[in-house]
Amino acid sequence: MIKITFPDKSVREFPEPLTGLEIARSISNSLAKEVLAVTVDGKIWDLTRTISHDASVKLHTWDDPEGKEAFWHSSAHLMAEAIEQIYPGTKFGIGPSIETGFYYDIDLPGGRQLAEKDLQQIEKKMVELARQNNAIVRREISKAEALELFTQKNDELKLELINELEDGTISVYEQGNFTDLCRGPHLPHTGYIKAIKLTSIAGAYWRGSENNRMLTRVYGVTFPKQKMLGEYLTMLEEAKKRDHRKIGREMELFTFSEAVGQGLPLWLPKGAQLRMQLEEFLKKIQKRYNYEQVITPHIGDVKLYKISGHYEKYGKDSFHTITTPAEGEEYMLKPMNCPHHCEIYKSKPRSYKDLPVRMAEFGTVYRYEQSGELHGLTRVRGFTQDDAHIFCRPDQLKDEFKKVIDIIFIIFKALHFDDYIAQISLRDKENSEKYIGTVENWNKAEQAIIEACDEKGLKTTIEPGEAAFYGPKLDFMVRDALGRSWQLGTIQVDYNLPERFNLEYIGADDNRHQPVMIHRAPFGSLERFVAVLIEHTAGKFPLWLAPEQVVLLPISEKYNEYAQKVLNFLNIYDIRTIIDDRNEKIGRKIRDNELKRIPYMLIVGEQEAESDTVSVRRQGHGDKGVMTIKEFAEMILAEIKDQQ
RNA sequence: GCCGGAGUAGCUCAGGGGUAGAGCGCAUCCUUGGUAAGGAUGAGGUCACGAGUUCAAUUCUCGUCUUCGGCUCCA
């Protein structure tokens, strides 16, 4: 008898060993059709693998990540099989499932390169092979056998992988005439894969290292139903419409110019308006939290960065230094603001009673990014951080950290960023030489972050080894329209700079002590934040942020004068208003201004002019009726206040 | 930086070895219209840049730049 325990703790007994698929079938035929993989005692297995002992079992369908993973992993094998048939002698690197779909890194024989047009042929072959319903069979083999097998195939990539595996843990999967080294799990047969789309080709370094040779990476995605592929492609189209580069151009928020240089955004008037609004918003919050604004120059003596240690670590990969013509002094474009702020801290003696000192600056920094990495506003070479540095006593660290989390909460809440990941990055304890500072301080700092998050009820993931070299940090990651995740807010603890800059304060004991620094930027960079904001809102910004809040639409040119009167009135309340006085019919003006995403449209004609009223339309919501100019202004101001 | 696409009007794109095309936008005129596209006329291009092949290149070849999708990197 085999006892199978299900996730709901129910237990069923079966007379003899059986597979996951058979378990599913014993429950219902429809489940048996949908199930893709099975977790047996916490390990993911093939459905066709026999369970011969009592076990707890969870069946995975397409709705579980585990189900998709098996599906896409098998799809990667299917693609490899197709490629091997079309290009015999191809060597295969790794071919995992990813968040959406899968890829395989391959090395085509004779240095052949794949082009986009070759994908169709591979797709076609995949469909053909899938339709054969070839069973995917797991075989456990010894290391010697594995080496033998892939030596025959002359695939040194796989051999390299096998050499790192332990004997007795090696498995291969076979389908048709194709065999691949693989841990699994896989679908029972290739026929599950109904819809196939190979999406792109990219170069990828073998094992992710620039020092290795570059392989060809083919990306694809597959689905169990043709319809799902259609939906996926539609979703991609929709996402493209939200792309901040497209909307940024349409709404005249920002632009780039070849003449200025790549990765150097130019903020157009409307974009600048939006950005300044965000800055004002944050300034107000920071004032509440007792921050002080400072301003520092865009360049700094190279010695400053030698003191901070950044020159040594990043100087070679940075923009080169600028030299003064007569004296030959060397300056760097500032890649961060902290060294400047440290010097401000040092501008006078500090007492323990003065701490924490919280210094904020919208500091524009310049960093060399590899040309291939630049991307709209999310990855640029010149950007403005909403930077601040908190200099505090060690006993204040946790509290200060919590207050920064509060600020980030306020911002994310105001902008409805509720789908974020908070990631705590700790040091890699195996490699302590990578970090500076004492073990004691690291322990304290890591402890403080973990406790602060805990006490704030923040759900976090912990990533050991991801800390900065000078201290642990907490990052907030938010996704863009295409699901790519970007780091926005960051809070970092730093014991290094206070040490290097000899920062100190006089303690209650009349001795000199070293403060701790917190680097923090809730937006991260204004550029990246605005990019993500655009993609989240599809350019339909909340009223308080909209570059133009109200547009007046006179019914005909006869009422332009009245429109101007309304505009003057709204101006008194700082409501950002424009007039569409083009010689067009009202229907046309409404359409065009709806598409411009201006939150309120005010239609004014004879009736309104006679009664000092406006006819209100809300973008996306249509007619809202007539109200007096004053009522409208009050409504708008209330809405703005409510949103902040 | 690396691999693979792309670059034609302000935007979206068609075209193709021999005067360069559309829609939208823009300008002028007609129209003065009440809740998602009124009409007419017109201006706009060194077809990214530089070489090469050719009688002739925007079109073919090579290089450069920019841009897009990835890789690597990210103080």
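So that the names make sense, note that chain A is the first sequence line, chain B the second, and so on, each numbered from 1.
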Student: When we call it a touch if two heavy atoms are under 4.0 Å apart, what does A:Ile586 touch: a base, just sugar-phosphate, or nothing?
Tutor: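 Sugar-phosphate, no base atom in range.
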Student: Can you find a pair of side-chain heavy atoms, one from A:Ile579 and one from A:Leu553, that are under 4.5 Å apart?
Tutor: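 The answer is no; the side chains never approach within 4.5 Å.
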Student: At under 4.0 Å between heavy atoms, what does A:Gly372 touch on the DNA or RNA strands: base, sugar-phosphate, or nothing?
Tutor: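 The residue A:Gly372 makes base contact.
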Student: Can you measure A:Gln607 atom CD to B:U35 atom P for me and round it to whole angstrom units?
Tutor: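 Rounded to whole Å, this separation is 10 Å.
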Student: Regarding A:Thr199, tell me which of base, sugar-phosphate or nothing describes its non-hydrogen contacts under 4.0 Å with the strands shown.
Tutor: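 No contact.
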Student: Say we look at B:G17 and B:G52: how far apart would their C1' atoms be, to the nearest angstrom?
Tutor: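 Roughly 15 Å separates the two C1' atoms.
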Student: So if I take every side-chain heavy atom of A:Ser556 and compare against B:G34, B:G33, B:A36, which nucleotide ends up nearest?
Tutor: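 For A:Ser556, the side-chain atoms sit closest to B:G33.
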Student: What is the distance, to the nearest angstrom, from the CG atom on A:Leu377 to the C1' atom on B:U67?
Tutor: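 Going from CG in A:Leu377 over to C1' in B:U67 covers 15 Å.
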Student: What nucleotide among B:G69, B:G33, B:A36 has an atom nearest to a side-chain atom of A:Ser200?
Tutor: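 Of the options given, the side chain of A:Ser200 lies nearest B:G69.
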Student: Are OP1 or OP2 of B:G69 and a side-chain N or O of A:Arg245 less than 4.0 angstrom apart?
Tutor: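 Checking B:G69 against A:Arg245, a side-chain N or O does come within under 4.0 Å of OP1 or OP2.
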Student: For A:Ala563 and A:Leu552, work out which heavy atoms get closest and say how close.
Tutor: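 Smallest interatomic distance, heavy atoms only, reads O-CD1, 3.3 Å.
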Student: Once you round to the nearest 0.5 Å, how far does SG of A:Cys392 lie from CE of A:Met517?
Tutor: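 It comes to 10.5 Å.
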Student: Side-chain N or O of A:Arg249 less than 4.0 angstrom from OP1 or OP2 on B:C11?
Tutor: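 Indeed not, no polar side-chain atom of A:Arg249 lies that close.
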Student: Quickly work out the A:Met627 CE to B:U35 P distance and round it to whole Å.
Tutor: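 Atom-to-atom, A:Met627 to B:U35, this comes out as 18 Å.
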Student: Starting from the 5' end of RNA chain B, give me the residue, A:Thr216 or A:Leu374, whose nearest nucleotide shows up first.
Tutor: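 Looking at RNA chain B, the more 5' nearest nucleotide goes with A:Thr216.
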Student: A:Tyr495 and A:Tyr470: aromatic ring centres closer than 6.0 Å?
Tutor: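 No, too far apart.
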Student: Is A:Ala204 touching bases, backbone alone, or none of the nucleic acid, heavy atoms closer than 4.0 Å?
Tutor: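 The residue A:Ala204 makes sugar-phosphate contact but no base contact.
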Student: Starting at CD of A:Glu584 and ending at P of B:C29, how long is that distance when rounded to a whole Å?
Tutor: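 Computing the A:Glu584:CD to B:C29:P distance gives 14 Å.
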Student: Side chain of A:Ser615, heavy atoms from C-beta onward: which of B:G70, B:C73, B:G34 has the nearest atom to it?
Tutor: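 Selected nucleotide (nearest to the side chain): B:G34.
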Student: Between B:G16 and B:A20, how far apart are the two P atoms, rounded to whole Å?
Tutor: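 Pairwise P distance, B:G16 against B:A20, rounds to 16 Å.
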Student: What do you reckon, are the aromatic ring centroids of A:Phe391 and A:Tyr345 less than 6.0 Å apart?
Tutor: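 Ring centres of A:Tyr345 and A:Phe391 closer than 6.0 Å.
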Student: Taking atom P in both B:C49 and B:G10, compute the distance separating them and give it to the nearest angstrom.
Tutor: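 About 13 Å, rounded to a whole number of Å.
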Student: How close or far is atom C1' of B:G70 from atom CD1 of A:Ile106, stated in whole angstroms?
Tutor: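 Distance check: A:Ile106 CD1 to B:G70 C1' gives 14 Å.
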Student: Do the side chain of A:Lys334 and the main chain of A:Pro297 share a donor and acceptor less than 3.5 angstrom apart?
Tutor: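 Indeed, once roles are kept as given, a pair shorter than 3.5 Å links the two residues.
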Student: Tell me: CD1 of A:Ile603 to C1' of B:A36, nearest whole Å?
Tutor: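 That distance rounds to 11 Å.
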Student: What is the nucleic acid contact for A:Glu608, judged by heavy atoms within less than 4.0 Å: base, sugar-phosphate only, or nothing?
Tutor: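 Base contact.
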Student: Is A:Gln262 close enough to B:U66 that one of its side-chain N or O atoms is under 4.0 Å from OP1 or OP2 there?
Tutor: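 For B:U66, OP1 or OP2 has a side-chain N or O of A:Gln262 closer than 4.0 Å.
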Student: Quick one: does A:Val614's side chain get under 4.5 Å of A:Val626's, heavy atoms only?
Tutor: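 Not in contact.
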Student: What interatomic distance, in whole Å, is found between P of B:G63 and the corresponding atom of B:C73?
Tutor: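 The same atom, P, in both gives a distance of 28 Å.
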Student: Give one of base, sugar-phosphate or nothing for A:Tyr219, where a contact means two heavy atoms less than 4.0 Å apart.
Tutor: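 Sugar-phosphate, backbone atoms only, no base.
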Student: In whole angstrom, give me the gap between the C1' atoms of B:U12 and B:G45.
Tutor: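 Comparing C1' positions in B:U12 and B:G45 gives a spacing of 16 Å.
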Student: Would you say B:G69 has OP1 or OP2 under 4.0 Å from some side-chain N or O of A:His375?
Tutor: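 Checking B:G69 against A:His375, a side-chain N or O does come within under 4.0 Å of OP1 or OP2.
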Student: Measure from CZ on A:Arg381 to C1' on B:U67 and round the result to the nearest Å.
Tutor: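 Rounded to the whole Å, the gap is 13 Å.
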Student: Where each pair must be Watson-Crick or G-U wobble with both distances under 3.5 Å, what dot-bracket representation of RNA chain B is obtained, with crossing pairs in [ ] and other-strand partners as |?
Tutor: (((((((..((((....[..)))).(((((.......))))).....(((((..]....))))))))))))....
Student: What nucleic acid atoms does A:Arg617 come within less than 4.0 Å of, heavy atoms only: base, sugar-phosphate, or nothing?
Tutor: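 If one applies the 4.0 Å heavy-atom cut-off, A:Arg617 turns out to touch a base.
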Student: Quick one: label A:Glu258 by what it contacts on the DNA or RNA (base, sugar-phosphate, nothing), any heavy atom closer than 4.0 Å.
Tutor: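 Contact class for A:Glu258: sugar-phosphate only.
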Student: For B:G18 versus B:U59, give the span between their C1' atoms, rounded off to a whole number of Å.
Tutor: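 The answer is 11 Å between these two C1' atoms.
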Student: Kindly state whether the ring of A:Tyr366 and the ring of A:Phe319 have centres lying under 6.0 angstrom apart.
Tutor: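 Not under 6.0 Å, so no.
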Student: Which one, B:G70, B:A75, B:C73, comes nearest to the side chain of A:Arg367?
Tutor: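 Comparing B:G70, B:A75, B:C73 against the side chain of A:Arg367, the answer is B:A75.
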Student: Begin with the C-alpha distance, continue with both residues' side-chain angles, and end with the deciding distance and a verdict on ring-ring contact (aromatic ring centres under 6.0 Å, His included) for A:Tyr368 and A:Tyr314.
Tutor: CA-CA 10 Å; A:Tyr368 168 74; A:Tyr314 296 101; over 10 Å; no
Student: Within the 4.0 Å heavy-atom criterion, would you say A:Gln487 contacts the bases, only the backbone, or no part of the nucleic acid?
Tutor: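 The answer is nothing, as A:Gln487 stays clear of every strand by at least 4.0 Å.
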Student: What distance, rounded to whole Å, do you find between the two P atoms, one in B:G69 and one in B:A27?
Tutor: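 Those two atoms are separated by 33 Å.
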Student: Within the 4.0 Å heavy-atom criterion, would you say A:Gly622 contacts the bases, only the backbone, or no part of the nucleic acid?
Tutor: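 The residue A:Gly622 makes no contact with any strand.
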Student: Looking only at heavy atoms, which two atoms of A:Ile98 and A:Trp72 are closest? And how far apart?
Tutor: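 Looks like O-CE3, 3.7 Å.
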Student: Considering only the C1' atoms, how many Å lie between B:U46 and B:G7, rounded to the nearest integer?
Tutor: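 Nearest-Å result for B:U46 against B:G7 at atom C1': 15 Å.
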Student: A:Arg582 side chain: which of B:G33, B:C26, B:C73 is closest?
Tutor: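 Nearest to the side chain of A:Arg582 among the choices is B:C26.
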Student: Which listed nucleotide (B:C74, B:G70, B:A36) is nearest to the side chain of A:Leu595?
Tutor: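 Out of B:C74, B:G70, B:A36, the nucleotide with an atom closest to A:Leu595's side chain is B:A36.
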Student: Can the ring centroids of A:Tyr305 and A:Tyr311 be said to lie less than 6.0 angstrom from one another?
Tutor: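 Not close enough - the centres of the two rings lie 6.0 Å or further apart.
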Student: Is the phosphate of B:G38, meaning OP1 or OP2, less than 4.0 Å from a side-chain N or O of A:Arg588?
Tutor: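 Affirmative; the distance criterion is met.
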Student: For A:Gly620 and for A:Lys589, find the nucleotide of RNA chain B with the closest heavy atom, then tell me which residue's nucleotide is more 5'.
Tutor: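 Of the two residues, A:Lys589 wins.
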Student: For B:G44, does the O4'-C1'-N9-C4 (purine) or O4'-C1'-N1-C2 (pyrimidine) torsion place it in syn, i.e. within 90° of 0, or in anti?
Tutor: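 Classified syn.
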Student: Does any donor-acceptor pair link the side chain of A:Glu250 with the base of B:G10 at a separation under 3.5 Å?
Tutor: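 Answer is no: no donor-acceptor pair is held.
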Student: Rounded to whole angstrom units, what separation is found between the OH atom of A:Tyr205 and the P atom of B:C3?
Tutor: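 Roughly 8 Å, once rounded to whole Å.
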